[in-house]
Amino acid sequence: MPASPGLPCCPPPQPKPQPSNKPCKTSACQDNRRARNLKPAFKGGTMLALNFIRKNTNLVKQALIDLNTEAPIDEILALDVRRRNILAEVESLRAERNAGSKAIGALMRQGNKDQAEAQKKRMGELGAKIGALNETLTRIEAGLKQNLLLVPNMPLPEVPVGPDEADNVVLREHGQKPAFNFTPKPHWDIGEALDIIDFERGVKLSGSRFYVLKGPGARLQRALITWMLDVHTLEHGYTEIYPPFIVREHCLVGTGNLPKFGENLYHDAEEDYWLIPTAEVPTTNLYREEILDEAQLPIYHVAYTPCFRREKMSAGRDVRGIKRGHQFDKVEMVKFVTPETGRRELDNLLDDAEDICRRLELPYRIVQMCTGDLSFVSAIKFDIELWAAGCRDWLEVSSCALFTDFQARRANIRYRPADGGKPRHVYTLNGSGLALPRLMIAVLENYQQADGSVIVPEAIRPYMGGVDVIK
RNA sequence: GGAGGGAUGGCAGAGUGGUUGAAUGCGGUGGUCUUGAAAACCACUGAAGUCCUUUGGGCUUCCGGGGGUUCGAAUCCCUCUCCCUCCGCCA
């Protein structure tokens with residue numbers, strides 16, 4: 001089944017490497033006024049999704065079954081019919097009024113007052129009619145918009161079909177799980193023994209699911225962050241972004257976190273300020289409401305940010321250790337590409353994330369999400385899971401996904417094709433590269449020694465200020 | 001937080017109620033000229049929606065967002081947002 005109206009049907013061309021200091025030619029850089037005064041994203045992109053639903057209703061409904069979810073498709077189609085009927089009527093009335101009003105101007109200039117007055121009266125009546133119809137139309141369009149925002153992305157044909165995570169597919173496994181001649185400890189024991197993770201004081205400050213990193217523990221995390229940013233920027237061709245950690249609501253609508261998943265977000269009670277749950281949100285929205293030049297694509301960005309999540313939906317899960325907190329750090333990669341290159345770019349993105357695991361010499365595996373475990377916005381998604389020897393668990397440290405034009409439609413991110421044709425929506429992708437707490441867990445647990453110390457992986461030693469072993 | 005000034009097409013910048021989707025300049029595209037190029041000249045140059053007898057044509061909407069006045073709004077009124085200047089506060 002097609003992922004979207006713009007699904008690529010032929011092998012994409014070789015992606016071009018992105019010069020890291022390419023001059024930024026977006027209109028936002030030339031003049032940031034437009035980027036600040038945003039129109040609702042509805043009129044542009046989302047209408048194309050509507051068009052797709054209209055023409056491929058059966059495909060969409062089958063996709064919803066595969067995704068094991070629901071969306072108000074029938075309501076959308078009904079509203080769509082009403083909308084177009086009323087629109088046709090309103091527009092022809094408007095055309096009539098425009099012509100009539102123009103005639104008034106001519107009559108006035110001729111000094112023909114009586115006829116002008118009569119015409120004014122007729123146009124006034126027309127105006128009332130238009131006003132009433134328009135009010136109905138506004139209501140219908142608002143309803144349509146709300147419903148459309150609840151429709152998930154369509155999975156690519158290659159995504160395995162299954163109702164839940166049991167049908168996810170482990171594609172491959174890399175590296176050797178470390179062998180120990182002692183019983184490896186979980187990271188919460190290692191961290192406390194080395195006095196580099198302070199759970200009690202974290203809870204004292206902020207409650208459950210908070211912790212404090214201390215000394216070499218804090219340094220280890222900082223080293224990993226800096227090192228990963230260096231690898232992605234210096235070797236993988238990404239441009240580093242330091243974005244706001246607080247965004248407006250429309251950004252979260254753009255990436256698909258809202259309106260459906262607001263319960264997992266922190267936001268200001270008085271003002272429209274939301275803490276980001278991932279760097280994906282500000283980074284993807286960087287180019288919202290813009291039309292880029294095709295020559296600017298692909299754009300590769302990498303951003304380090306803290307992430308804030310309420311974990312309402314995972315209450316009670318993973319309460320021990322640092323696996324799942326309300327605040328965590330992450331290095332995130334985001335790509336903006338042409339539709340034709342989207343699928344290939346995902347493989348490259350995944351490889352860029354895997355590269356981090358390989359260089360740290362950590363055992364990992366790649367899991368492909370089946371339809372039932374795909375996120376709301378993803379068309380196809382691969383997770384990277386690191387092996388943690390202490391808790392004997394595979395930890396999800398990265399989710400690499402292609403969103404096709406789903407986010408681009410919601411955030412209205414487009415590009416003008418090099419041949420000068422109509423603007424098209426870009427494809428967006430992202431993947432963690434990587435999430436810090438779980439990466440920390442894997443390092444601590446896999447690199448632990450019998451005496452309780454932890455060896456610092458060679459790749460990040462230059463970033464550890466001479467510390468090779470945490471003891 | 002207080003006072004004032006602003007927001008127009010890719011950019012600059014006119015436009016204070018009636019063929020203004022928007023002058024003019026720059027940029028861009030195509031053409032004429034030229035051995036080639038430049039210059040000059042000519043033409044074209046935004047987005048979205050919708051309908052039709054759909055390689056095309058019609059209509060509607062859009063001059064920061066929303067609302068109002070009017071037969072008719074870029075133009076008048078209200079409101080919000082953002083930018084700039086000055087004062088206050090501050091990492």
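Just so it is clear, the structure is predicted and the values come from calculations on it, not from any experiment. Naming: A, B, ... by sequence-line order, numbering from 1 per chain.
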Colleague: Return the nearest nucleotide to the side chain of A:S101; candidates are B:U50, B:G18, B:U61.
Modeller: B:G18

Colleague: Flag the pair A:Y287 / A:F336 as yes when their ring centroid distance falls below 6.0 Å, and as no otherwise.
Modeller: yes

Colleague: Grab the CG-P distance between A:D272 and B:C82 for me, whole Å please.
Modeller: 10 Å

Colleague: For B:C59, does OP1 or OP2 lie under 4.0 Å from any side-chain N or O of A:R94?
Modeller: no

Colleague: Under 4.0 Å, counting only non-hydrogen atoms across every strand here, what does A:A95 touch: a base, just sugar-phosphate, or nothing?
Modeller: sugar-phosphate

Colleague: Provide the distance between the two C1' atoms, one in B:G2 and one in B:U8, to the nearest whole Å.
Modeller: 30 Å

Colleague: Inspect the contact between A:R416 and A:D293 and indicate whether a charged nitrogen and a carboxylate oxygen are less than 4.0 angstrom apart.
Modeller: no

Colleague: Expressed as a whole number of angstroms, how long is the span from A:R424:CZ to B:G46:C1'?
Modeller: 19 Å

Colleague: State the pairing partner of B:G1; accept Watson-Crick or G-U wobble contacts with both distances under 3.5 Å, and report none otherwise.
Modeller: B:C87

Colleague: Return the pairing partner of B:U29 with a 3.5 Å limit on both distances, Watson-Crick or G-U wobble; otherwise return none.
Modeller: B:A43

Colleague: Taking side-chain hydrogen bond (donor to acceptor under 3.5 Å, both in side chains) as the test, write out the residues that go with A:E332, two or more places apart.
Modeller: A:K330

Colleague: Determine the interatomic distance between C1' on B:C63 and the same-named atom on B:G56; round to the nearest Å.
Modeller: 30 Å

Colleague: Return the residues of residues 114-124 of chain A meeting this criterion: a heavy atom under 4.0 Å from some atom of RNA chain B. Order them by number, or give none.
Modeller: A:K120, A:M123, A:G124

Colleague: Could you tell me how far B:G18 sits from B:U29 if I compare only their P atoms? Round to whole Å.
Modeller: 38 Å

Colleague: Just by distance, with hydrogens left out, do A:N430 and A:E280 show a side-chain donor and acceptor under 3.5 Å apart?
Modeller: yes

Colleague: Could you give the distance separating B:G5 and B:U79 at their P atoms, to the nearest angstrom?
Modeller: 14 Å

Colleague: In whole angstrom, give the distance that lies between atom CD of A:E96 and atom P of B:U61.
Modeller: 13 Å

Colleague: Taking only the C1' atom of each, what is the distance from B:U75 to B:G21 in whole angstrom?
Modeller: 15 Å

Colleague: Base, sugar-phosphate or nothing for A:L87? Non-hydrogen atoms, less than 4.0 Å.
Modeller: sugar-phosphate

Colleague: Checking contacts here: which listed nucleotide (B:U60, B:U50, B:G46) is nearest the side-chain heavy atoms of A:R416?
Modeller: B:G46

Colleague: Side chain of A:K422, heavy atoms from C-beta onward: which of B:U50, B:A47, B:U60 has the nearest atom to it?
Modeller: B:A47

Colleague: Quick check on B:A48: is either OP1 or OP2 less than 4.0 Å from any side-chain nitrogen or oxygen of A:R414?
Modeller: yes

Colleague: Partner lookup for B:A22, please. Criteria are Watson-Crick or G-U wobble with both distances under 3.5 angstrom; report none if nothing qualifies.
Modeller: none

Colleague: Among B:G49, B:C71, B:A47, which is the nearest nucleotide to the side chain of A:P423?
Modeller: B:A47

Colleague: May I have the distance from A:K145 (atom NZ) to B:G49 (atom C1'), rounded to whole angstrom?
Modeller: 16 Å

Colleague: Does the side chain of A:H232 come under 3.5 Å of the side chain of A:Y300 through a donor N or O and an acceptor N or O?
Modeller: no

Colleague: Does any part of the side chain of A:T283, heavy atoms only, come nearer than 4.5 Å to the side chain of A:T305, both counted from C-beta?
Modeller: no

Colleague: Report yes if a side-chain nitrogen or oxygen of A:R83 is closer than 4.0 Å to either non-bridging phosphate oxygen (OP1 or OP2) of B:U50; otherwise report no.
Modeller: yes

Colleague: Report the residues that fulfil side-chain contact (heavy atoms from CB on, under 4.5 Å) with A:R461, sequence neighbours left out, ordered by chain and then residue number.
Modeller: A:I455, A:V456, A:E458, A:D468

Colleague: In whole angstrom, give me the gap between the P atoms of B:G58 and B:G27.
Modeller: 31 Å

Colleague: Quick check: on RNA chain B, is the nucleotide nearest A:I104 upstream (toward 5') of the one nearest A:T138, or the reverse? Name the residue that is more 5'.
Modeller: A:T138

Colleague: In the strands shown, is B:C82 matched to any nucleotide by a Watson-Crick or G-U wobble pair with both distances under 3.5 Å, and which?
Modeller: B:G6

Colleague: From the list B:U61, B:U50, B:A47, which nucleotide is the closest neighbour of the side chain of A:N98?
Modeller: B:U61

Colleague: Reading RNA chain B from 5' onward, which residue's closest nucleotide shows up sooner: A:R54 or A:A99?
Modeller: A:R54

Colleague: Between C1' on B:U70 and CE on A:M108, what's the gap in Å once rounded to a whole number?
Modeller: 11 Å

Colleague: Strictly by salt bridge (Lys or Arg N to Asp or Glu O under 4.0 Å), give each pair with a member in residues 95-106 of chain A just once, sequence neighbours left out.
Modeller: none

Colleague: Whole angstrom is fine here: how far is it from CD in A:E125 over to P in B:U70?
Modeller: 15 Å

Colleague: Just jot down the side-chain contact (heavy atoms from CB on, under 4.5 Å) partners of A:E125, sequence neighbours excluded, or say none.
Modeller: A:K121

Colleague: Taking the P atom of each, how far is B:A14 from B:G9, in whole Å?
Modeller: 13 Å

Colleague: Pairing check on B:G72: which nucleotide meets the Watson-Crick or G-U wobble criteria with it, both distances under 3.5 Å?
Modeller: none

Colleague: What is the separation between atom CG on A:L144 and atom P on B:G49, rounded to the nearest whole Å?
Modeller: 13 Å

Colleague: Can you list every salt bridge (Lys or Arg N to Asp or Glu O under 4.0 Å) pair that touches residues 222-246 of chain A, not counting sequence neighbours?
Modeller: A:E235-A:R359

Colleague: Please give, in whole Å, the distance from B:C51 P to A:N85 CG?
Modeller: 9 Å

Colleague: When the P atoms of B:G65 and B:C71 are considered, how many whole Å apart are they?
Modeller: 25 Å

